[in-house]
Amino acid sequence: MTYTPKSEFLHQMQTRGFMQDCTDLQGLDDALIEGVVPGYIGFDATADSLHVGSMIQIMMLRWLQKTGHKPVVLMGGGTSKIGDPSGKDEARQLLTNDQIGENIKGIRKVFDRFLTFGDGPSDALQANNADWLDTLNYIEFLRDYGRHFTINRMLTFDSVRLRLDREQPLTFLEFNYMLLQAYDFMEMNRRWGVGLQMGGSDQWGNIVNGVDLTRRINRNTVFGLTTPLLTKSDGSKMGKSANGAIWLNEERLSSYEFWQFWRNTSDADTGKFLRLFTELPVDECNRLGALQGSEINEAKIILANEVTGLARGPEAAQAAEATAREVFEKGGIGDDLPTVAIPAADLSEAGISVVQLFVRAGLASSGKEAKRLIAEGGARIDDAPVTDAGQMIGLSDAPLKLSAGKKRHALVQRG
RNA sequence: GGAGGGGUGGCAGAGCGGUCAAAUGCAACGGACUGUAACUCCGUCGGGGAAACCCUACAUAGGUUCGAAUCCUAUCCCCUCCA
């Protein structure tokens, strides 16, 4: 019953663990063998970067390109204007066009690392759904497309049904997201012959709607492919750390910290992450992931190097590793540690209080927290425990190493 | 439109006049153990201050009280049942 794909792309996807569901596995496989298939994934333009939660989709686009097809990055410039579709939290504040434009630029920078853009047949293409959604006319939309969606069917989709079952509100706006996303797919099929939409498994319903709509309106057969919802072995969603999200661009998160995130992968996830987020051969990923005891630490270093290499460049990965070895294996100082310069204007005669120092260095989110850290004995300066929260520290041009616990370090100097 | 229930810290969820910066669980942070892992255990967990101490907080705005997350009034929002 299980179909074994012959195309290089699907073969990779299947063996590496990217595949959850496909609308028609064999059909897609045939299309991929027959010629170049443009495939897209949509990204919200709600921040100026993406974080590791999107890595799996990014890698999928990269594989698509690597196996000879055409990745299309769809920026949700249009859909981002109406807010958060799945936000059961407080409504997100509306984004201005300028903000969305800036966000798209930032996200593009992330993709420039992973994809090759251009005009060639398998070069990546960037699209923005504002190009067609902004001018959409409600009446015409209803007349031409609304007729193709039945409420009966939409109610059967998990994304809708679960919400209704749980008696959580599902707004009309949110409900319409599905239609807009279906419209995106159809429009991109019309414009560029896009034949595949990928996404997380939570997008399944939206994707299927797009496939149906494209068939009805354009009379073209297109496909959908979803990835499993990625969770860590302890069941939590991946991508968050002490300081917040693990961003892919360096303006938001230093390469050293990015590297550390991967270095700290738990044993149980190492093999899986290697398969999903690196391009090492699957056999190698499996071998590394199966290492036992402290040996698996080498696998984690490889993971960190590979992923950091992709997202930040090989030099960044090397620098991060060198610093990590220096800091963790020798207890020294590495150049690549996050460095914070404190302007001389912020220093008094005696310097700056330790508490403030830790806050400024980003190792504590408030003075209270810094004091707590000190009281608990977790705060160190150049490896000497800080005992007095009231202590004043004089800074010079030579950096001081601040440590919060055993893992979090930063450098501070006068600047 | 009518009747009832409810809005509490990052989340979940107690409290229902003082001892409440608010039980408990999860998450987070520090420590012990280790392999920069997991598990377990211990501690911490609103903000400012070196400290004494002070300041914000239990949907919003008022009020009653010596004293309110707790009572009253109005407003907003959510849920359930009926029409």
Side-chain angles (χ1 to χ4, degrees), chain A residues 87-91 163-171 231-246 256-274 288-305 308 320-334 336-338 348-381 383 385-393 401-410:
Chain A
K88 52 183 178 180
D89 315 331
E90 75 278 13
R163 292 285 283 284
L164 296 180
D165 286 351
R166 276 195 236 123
E167 299 184 337
Q168 288 170 340
L170 175 68
T171 63
T231 51
K232 296 196 287 183
S233 57
D234 61 7
S236 62
K237 263 178 99 170
M238 71 172 289
K240 294 287 158 69
S241 80
N243 290 325
I246 304 299
Y256 169 79
E257 289 169 284
F258 185 79
W259 192 92
Q260 279 298 320
F261 170 78
W262 296 101
R263 172 62 248 265
N264 283 310
T265 299
S266 68
D267 289 8
D269 290 326
T270 304
K272 178 162 86 175
F273 285 5
L274 280 163
L288 290 168
L291 291 174
Q292 293 301 308
S294 58
E295 284 194 338
I296 202 168
N297 283 331
E298 282 310 307
K300 294 180 190 180
I301 290 170
I302 291 171
L303 173 67
N305 281 338
T308 308
E321 187 192 355
T323 289
R325 288 204 188 273
E326 186 62 34
V327 170
F328 286 95
E329 292 172 19
K330 299 183 189 132
I333 293 180
D336 212 27
L337 284 176
S348 69
E349 285 289 312
I352 184 168
S353 72
V354 251
V355 170
Q356 273 310 304
L357 204 53
F358 273 83
V359 172
R360 296 289 288 268
L363 295 177
S365 58
S366 69
K368 263 278 201 268
E369 197 176 301
K371 276 167 231 156
R372 210 174 289 139
L373 193 66
I374 292 165
E376 291 174 329
R380 296 188 306 287
I381 295 178
D383 296 313
V386 177
T387 50
D388 176 12
Q391 193 183 345
M392 296 301 283
I393 305 293
K401 181 173 80 165
L402 303 189
S403 306
K406 286 189 289 199
K407 288 200 201 177
R408 297 154 58 219
H409 308 276

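In what follows, chains are A, B, ... by sequence order, proteins preceding strands, each numbered from 1.
- Taking the six-membered ring wherever Trp is involved, the centroid distance between the rings of A:Phe328 and A:His409 falls below 6.0 Å.
- Looking only at atom types and distance, the side chain of A:Asp269 has a donor-acceptor partner in the side chain of A:Ser266 under 3.5 Å away.
- For the C1' atoms, the distance linking B:rA32 with B:rA23 amounts to 27 Å, nearest Å.
- Proximity of A:Ile301 to A:Arg325: side-chain heavy atoms (C-beta onward) are separated by under 4.5 Å at one or more points.
- The gap from the P atom of B:rA21 to that of B:rC78 amounts to 33 Å, rounded to the nearest Å.
- Between the CG atom of A:Asp267 and the C1' atom of B:rC39 there is a distance of 11 Å, given to the nearest Å.
- As a whole-Å value, the separation of A:Asp388 CG from B:rA51 P is 9 Å.
- In terms of heavy atoms, A:Met392 sits closest to A:Ser348 at CE-OG, 3.8 Å.
- A 4.5 Å side-chain heavy-atom check between A:Asp267 and A:Lys300 finds at least one atom pair inside the cut-off.
- Summarising the geometry, the separation between NZ on A:Lys330 and P on B:rU36 is reported as 15 Å, rounded to the nearest angstrom.
- Between A:Ile296 and A:Leu288 the shortest heavy-atom distance is CG1-O, 3.9 Å.
- With both ends at atom P, the span from B:rA68 to B:rA52 equals 25 Å, rounded to whole Å.
- Counting to the nearest Å, the P atom of B:rA38 and the NZ atom of A:Lys272 are 15 Å from each other.
- RNA chain B is contacted by A:Gly293, A:Ser294, A:Ile296, A:Asn297 of residues 291-299 of chain A, taking any non-hydrogen atom closer than 4.0 Å.
- The backbone N or O of A:Val327 lies less than 3.5 Å from no partner atom in the side chain of A:Glu329, so there is not a single donor-acceptor pair.
- When side chains are defined from C-beta on, A:Leu402 does not count as touching A:Arg408, because their heavy atoms never get closer than 4.5 Å.
- If you take CZ of A:Arg263 and P of B:rA38, they are 11 Å apart, rounded to a whole angstrom.
- When the nearest nucleotides of RNA chain B are assigned to A:Ala389 and A:Ala379 by heavy-atom distance, the more 5′-ward of the two goes with A:Ala379.
- B:rA37 atom P lies 19 Å from atom CG of A:Leu288, rounded to whole Å.
- Taking A:Arg380 as the reference, nothing meets the side chain to side chain donor-acceptor pair (under 3.5 Å) condition, with sequence neighbours excluded.
- Using a 4.0 Å heavy-atom cutoff across all strands shown, A:Ala404 reaches sugar-phosphate atoms only and no base atom.
- Closest to the side chain of A:Lys407, out of B:rU36, B:rG35, B:rU34, is B:rU36.
- Sequence order on RNA chain B of the closest nucleotides to A:Phe328 and A:Leu373 puts A:Leu373 first from the 5' end.
- Among B:rU34, B:rG30, B:rA37, the nucleotide with an atom closest to any side-chain atom of A:Arg408 is B:rG30.
- When all heavy atoms are compared, the tightest approach of A:Thr270 to A:Ala299 is CG2-CB, 3.9 Å.
- For the C1' atoms, the distance from B:rA22 to B:rC77 is 24 Å, rounded to whole Å.
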Dump every N/O contact between nucleotides 47-49 of chain B and the protein below 3.5 Å, one line per pair.
{"unit_1": "B:rG47", "atom_1": "OP1", "unit_2": "A:Ser366", "atom_2": "OG", "d": "2.9"}
{"unit_1": "B:rG47", "atom_1": "OP2", "unit_2": "A:Arg372", "atom_2": "NH2", "d": "3.3"}
{"unit_1": "B:rG48", "atom_1": "OP1", "unit_2": "A:Gly367", "atom_2": "N", "d": "3.0"}
{"unit_1": "B:rG48", "atom_1": "OP2", "unit_2": "A:Gly367", "atom_2": "N", "d": "3.2"}
{"unit_1": "B:rG48", "atom_1": "OP2", "unit_2": "A:Lys368", "atom_2": "N", "d": "2.7"}
{"unit_1": "B:rG48", "atom_1": "O6", "unit_2": "A:Lys368", "atom_2": "NZ", "d": "3.4"}
{"unit_1": "B:rG49", "atom_1": "N7", "unit_2": "A:Lys371", "atom_2": "NZ", "d": "2.8"}
{"unit_1": "B:rG49", "atom_1": "O6", "unit_2": "A:Lys368", "atom_2": "NZ", "d": "3.1"}

Intra- and interstrand pairs of RNA chain B - dot-bracket, Watson-Crick/G-U under 3.5 Å, | marks other strand: ((((((((.[[[..)..(.....]]].(((((.......))))).(((....)))...[[[[[..)....]]]]]))))))).

Report, one line per pair, each donor and acceptor closer than 3.5 Å where one atom sits in a side chain of residues 369-378 of chain A; sequence neighbours left out.
{"unit_1": "A:Glu369", "atom_1": "OE1", "unit_2": "A:Ser365", "atom_2": "OG", "d": "2.6"}

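- Taking the C1' atom of each, B:rA74 and B:rG25 are spaced 36 Å apart, rounded to whole Å.
- Between A:Asp383 and the choices A:Lys401, A:Lys330, A:Lys406, the salt bridge (charged side-chain N to carboxylate O under 4.0 Å, His left out) rule is met once, by A:Lys401.
- A distance of about 16 Å separates the P atoms of B:rU24 and B:rC41, rounded to the whole Å.
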At a cut-off of 3.5 Å, list every protein nitrogen or oxygen paired with a nitrogen or oxygen from nucleotides 56-58 of chain B, distance to 0.1 Å.
none

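- The minimum heavy-atom distance between A:Pro338 and A:Tyr256, with the atom names listed, is CD-CD2, 3.6 Å.
- Rounded to whole Å, the distance from NZ on A:Lys406 to C1' on B:rA37 is 12 Å.
- Put simply, CG on A:Leu337 is 16 Å from P on B:rU36, counting in whole angstrom units.
- Annotation: B:rG62 and B:rA69 have their P atoms spaced 15 Å apart (nearest Å).
- In terms of heavy-atom proximity, A:Glu326 sits nearest to A:Gly334 at CG-N, 4.2 Å.
- One cannot find a donor-acceptor pair under 3.5 Å joining the base of B:rG31 and the side-chain atoms of A:Glu376.
- Taking every heavy atom of both residues into account, A:Ala361 and A:Ala410 meet most closely at O-CB, 4.0 Å.
- A:Trp262 pairs in a side chain to side chain contact (heavy atoms under 4.5 Å, CB included) with only one of the listed residues (A:Ile302, A:Leu274, A:Asn305, A:Leu303), which is A:Leu303.
- Separation of the C1' atoms belonging to B:rU70 and B:rG17 is 6 Å when rounded to the nearest angstrom.
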